[in-house]
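One structure is given here, and the rest of the page talks about it.
To find a chain, count down the sequence lines: A is the first, B the second, and so on, and within it residues start at 1.
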Amino acid sequence: MADLDQLMGELNPAQLKAVQHPPHIPLQILAGPGSGKTKVLTMRIAYLTTYCHLPPWSICAVTFTNKAANEMRDRLFKLLGKDRTAQIKMGTFHALCAMFLRRFAKFVGLDGNFTVCDADESKKIITKLLKQYKDELVEKNVTLTENGALGFISKVKAKGWTADDARRHVEETNALPAQKRKSRNMGKFDPWEGELGRILATIYKDYEKSLREANSLDFDDLLMFGVKLFKSHAKASKWCRHVLVDEFQDTNTMQYELMVYIARACQCVTIVGDPDQSIYGWRSAEIENLAKMQNDFPTTQQLYLEQNYRSTGSILALSMAIVSQDKGRIQKTLHASHPQGHPPVLRVFPIEHVEAAFIAAEIKRLVAYSGGMLNWGDFVVLLRFNSHSRGIESALQKEGIPNRVLAGHKFFERMEVKDLLAYLQLVDNPHFVPAFLRVVNVPSRTVGEKTVSEITTRAQQLKISPLQVVERIVDGKIPDIKPPVKKKLASFVHTIRILRKYANDGVAPSKLINALVDSIHYKEHLAKTQPDADSRWDNVQELINFASEVEQSGPEEVVRRMFEADEALHEKDAEGTDGEESQEEWEDDLNDFDGDQSRGIAPGDTPLRLFLQASMLSTDTETGEEEKSKEKVTIATCHAAKGLEWPVVIIPAVQSGVFPSSRAEDVEEERRLLYVACTRAKGLLYLTHTTSRMMAGEFVPAYISEFISALHHDKKTKELFTETLPPLPPQDRKIIATVIGRPLPADEEVARRVSEYEKTSRHPAWGEHAPFLNPAMGDCGPEWQRQQFPSAPYKGFLQQKPAEISGHQQSLAQPISGPASFSSSSTLLTATQRAGVVRTAAPQASSSRQVMHRASSSASQQPKAGPSAVGIAFGKPTSLGTAVARQPTQVANARTATHSQSRHQTVPSMRQSSAGSSKEEPIDIDALPSVPVPTRVKPLTTKPVTAVSDRPSASHRDTSFAAPRLAPTQAASTNLRLPPSPAPPLTYCTPPSPKRSLPSSASGSSTTGSSSAIAASAAPAAAIPPTGVKRRLGMGRTVTGYTNKKFKPVAPGAS
DNA sequence: TTTATCGCCGTTTTT
DNA sequence: CGGCGATAAA
């Protein structure tokens, strides 16, 4: 056990003050990122038990995620030992509520074996209900989607409204004159009024009814019923002496009320939070809870933790600059403990592919240039959307970089997993209709929709569950249905009954799954119905593993330990102080509990039930196998990254529409999200974006995030970034070593790694392995090259929405004349955008598909050198028949040539002059920009575009695309002697699929030119195809693609 | 009842 | 583009 005194001695004064704050004075700790808040929170718990002599079981510690709970538990193990830690009531609000509700279910009118209903199932219920009102909705001209309805209902549930409350609200609102309504809403849209409100209220009511009948609670219900329990039964929180809440800024109204009611007796509360990191407003988090708490606990005191121990100074400076743009925020500072370090890197790319390839390559380079100090596990790619992960994943795969995706519930959302869980849910809770509906016909028992609805109707008539109906039919107790269901469903009932028996006998969940899988021949079923049955079967195995893990962690024991001391408390407290429920009733319940406890299991805490609950309430990334993930690059959403840190953080797609998300309703929250993402970085931070993005199968222009571009309007903030990739000279290596707390590798080791790297790898950004030369990337290079692109001054990452550049819209929209030139891939796209041409039609495509002129139709009238001028054809799959294979030998030659030249060039070489843009040459090696000199922080010109026809100036080109590979001059500064690079192995370029053919001479040049790419299907065998990919999740589960439902047939032609 | 095809739709974030 | 529902056909 660690020495608490000693550890407390290591705290800074503010931290120490927070830890030692008197327990009875409510405390708000406002702690910036990296200020050691988890440390303080755990130490405070240790302090409360050790110095204030609060028994561990009297402490309630609430976290926002299970991961945070586990981490805290781990830390407390070390401080308090296993025994005492186990007694602390610790977990998420949801998990704690579930535990208490299982225990005291009957006090709030529930059964202890309720099933937690996940969002999917909720949605299905809503969908069904919504159908009933479809006609009415159409008639009243109201549009309401399932997601909409679910969202609206969830929002009010988070506020604590019951269905009746909602109904009342609607009635009241509708009774008001329209004028008044409007002013009350401050002009905002309120779904809970008018016809929509009325229908919503009805649906809410029905939804509640469905849930209750199914004996299940959704996530919001867990909180609502939790509040109900603690509010109406003060004794349920009798044990409590202190409540600690982590991530308080993310609590919603129900969670806040829970805290208040649990702390009702003791009034001792400690919360930790950071308004700047409030990123869950969309989930009804209420930042006002901070003020509310000061109100409800008038003696509340505040402490600030403003010392940042995580990030370098420059990372912190940028982060602060980002979040400070929010003028309404509470003023707060952060002091860096670490030196400045290399400034955050900001880079721009033409398309996501290139961006992703850059990221992969840069990771590789950093590992080498850090001399192995940085490993795969030290990198994270933080995304706004989960959906962005695929591109990054495959880019990493192509580079052979191990990676893992840290994504929410993915695993438990897999079709095969849900099927099996549904069976178990049904075994545990026969009333849980969603599970019944899911599996009556899995595997197919030829009971269709019609039969099922017959069953459910009858269930409603008899006021029993559908499962019971089926059981009775099979038992011959009630008559069969027309198509003889009795026979068809006998096996179903049989399976359920066997499992039920096993479960009652206390058979472990993992064994139950095994039995289940045997009983329904699930493997065969998968094989028959799923093309990727193998990996799905892997998932089944993984579910069994997960069950075993849960069993081993002994959840029954954990729960028992958490509650064991409470009974004594209640016995001692025989003279009831609150009259709400009779003493007898309470003690009856406790007696029930004691009875169960003699079997070692509390009511509602059967192994099966706990396993199911764990499946529903835990995200798969939280459990187990952390070791393995240490050697992998992490891909995660910004939300999922909260509370975590990495030596190197890379944030792609820092673009409008992504940061902030186009559908975000609170822009400030989006800004904070970016802030949270940036502050995860310890040593290096990268922000990248593209100038185009794929939407609905087409490229549309993309513009840098306003959060970033705004910083360029201010002289003070515009130098917070660099475009230079960190060359990691010794002093920088040292800084990183310090920041991430690792030994500095020897210079020799660095030199060795670097030379190794130089031998085997090329940074693909602008070397001979440029991603646009790589067939696997989509063969977009030569195509680009042959295009005639109007030139334009490079504006780099200052590229903005036309509308934002006042006075220049006109020029932006205008077609651009002047000599064609190929300056850089970025400029290329930019220029194209300016011309209003963003289109991906293959050259041979019919004219109707060719160009779409957004702003100016005259763009097409612009004389262009070749037919290819009308479209860009990168990465866009064409029909298989029309593409022609590019000739591998020529590609190889070109590559070698490029390479040998590039070695002698230390000057950036986007040198293809306008005159020399030699359209007819196969591949103009010189046209490929390569090996520019990394220059330190060259401030970018922010001059608005006036003369659009200007060609980029040399100085622009030099720095804008500073390549990662070190030029000799730079290399010297790192004290490394770089060996000459030998001819690169052709590892990047696998021969393209022979199936493809070139667009004859559509682009007017030789066959060396690429086809318009077939990004997906042309990927070499070594690369991972985009669908049907085996992915490893955090827990090491294999997951197949993204398909959750029926499989998608594999294209027969794809050999 | 199951399977194939078309066309429409949207395109956060998570307990 | 890809996922999904609705419709049509086997």
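Remark: the A/Tyr207 side chain and the A/Ser122 side chain contain an N/O donor-acceptor pair separated by less than 3.5 Å. Using modelled atom types and a 3.5 Å distance limit, the side chains of A/Gln425 and A/Arg438 yield no donor-acceptor pair. Looking at A/Thr63 and A/Asp246, their side chains never bring a donor and an acceptor atom within 3.5 Å of each other.
When the C1' atom of B/dT15 is taken as reference, atom CG of A/Leu223 falls 8 Å away, rounded to whole Å. In this structure, the CG atom of A/Leu258 is 17 Å from the P atom of B/dT15, given to the nearest Å. Residue A/Asn70 contributes atom CG, which lies 14 Å from atom C1' of B/dT15 at whole-angstrom precision. Atoms CG (A/Leu150) and P (B/dT14) sit 16 Å apart, rounded to a whole Å. Between A/Glu121 atom CD and B/dT14 atom P there is a gap of 19 Å when expressed in whole angstrom units. Summarising the geometry, the separation between NZ on A/Lys642 and C1' on B/dT14 is reported as 10 Å, rounded to the nearest angstrom. Counting to the nearest Å, the P atom of B/dT13 and the CG atom of A/Asn252 are 19 Å from each other. Look at OH on A/Tyr256: it is 24 Å from P on B/dT15, rounded to the nearest Å.
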If you restrict it to nitrogen or oxygen atoms, what contacts under 3.5 Å exist between nucleotides 8-11 of chain B and the protein, and what is each distance?
from, atom 1, to, atom 2, distance (Å)
B/dT11, O3', A/Arg663, NE, 3.4

Return the polar atom pairs (N/O with N/O) between nucleotides 1-6 of chain B and the protein under 3.5 Å, or none.
from, atom 1, to, atom 2, distance (Å)
B/dT1, OP1, A/Gly448, N, 3.1
B/dT1, OP1, A/Thr451, OG1, 2.7
B/dT2, OP1, A/Ser444, OG, 3.3

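Under the rule for a side-chain hydrogen bond (donor to acceptor under 3.5 Å, both in side chains), A/Glu352 has no partner lying at least two apart in sequence or in another chain. Scanning for side chain to side chain contact (heavy atoms under 4.5 Å, CB included) contacts around A/Ala395 gives A/Ala356, A/Ala360, with sequence neighbours left out. Contacts of A/Arg680 classified as side-chain hydrogen bond (donor to acceptor under 3.5 Å, both in side chains), with partners at least two apart in sequence or in another chain: A/Gln277. Not counting sequence neighbours, the partners of A/Trp282 by the side-chain hydrogen bond (donor to acceptor under 3.5 Å, both in side chains) test are A/His639.
Listed nucleotides: B/dT15, B/dT12, C/dG3. Nearest to the side chain of A/Glu665: B/dT12.
Comparing C/dC4 with B/dT13, their P atoms are spaced 14 Å from each other, to the whole Å.
Under 4.0 angstrom from either OP1 or OP2 of B/dT14 there lies at least one side-chain N or O belonging to A/Thr637. For A/Asn386, a side-chain nitrogen or oxygen approaches OP1 or OP2 of B/dT14 to under 4.0 Å.
Stacking of the aromatic ring of A/Phe385 onto the base of B/dT12 is not found under the criterion of centres within 5.5 Å and planes under 30°. Taking the 5.5 Å centre cut-off and the 30° plane limit, the aromatic side chain of A/Trp282 is classed as stacked on B/dT13.
Residue A/Phe93 is out of contact with every strand shown, counting any heavy-atom pair closer than 4.0 Å.
Taking the six-membered ring wherever Trp is involved, the centroid distance between the rings of A/Phe411 and A/Phe546 does not fall below 6.0 Å.
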- Kindly determine whether A/Phe707 and A/Tyr675 satisfy ring-ring contact (aromatic ring centres under 6.0 Å, His included), including the steps that lead there. CA-CA 10 Å; A/Phe707 301 151; A/Tyr675 169 75; over 10 Å; no

- Task: Starting from the C-alpha separation in whole Å, work towards a yes-or-no answer on ring-ring contact (aromatic ring centres under 6.0 Å, His included) for A/Phe432 and A/Phe114.
- Result: CA-CA 8 Å; A/Phe432 193 52; A/Phe114 62 82; over 10 Å; no

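Taking 3.5 Å as the limit, the base of B/dT13 and the side chain of A/Arg384 contain a donor-acceptor pair of atoms between them.
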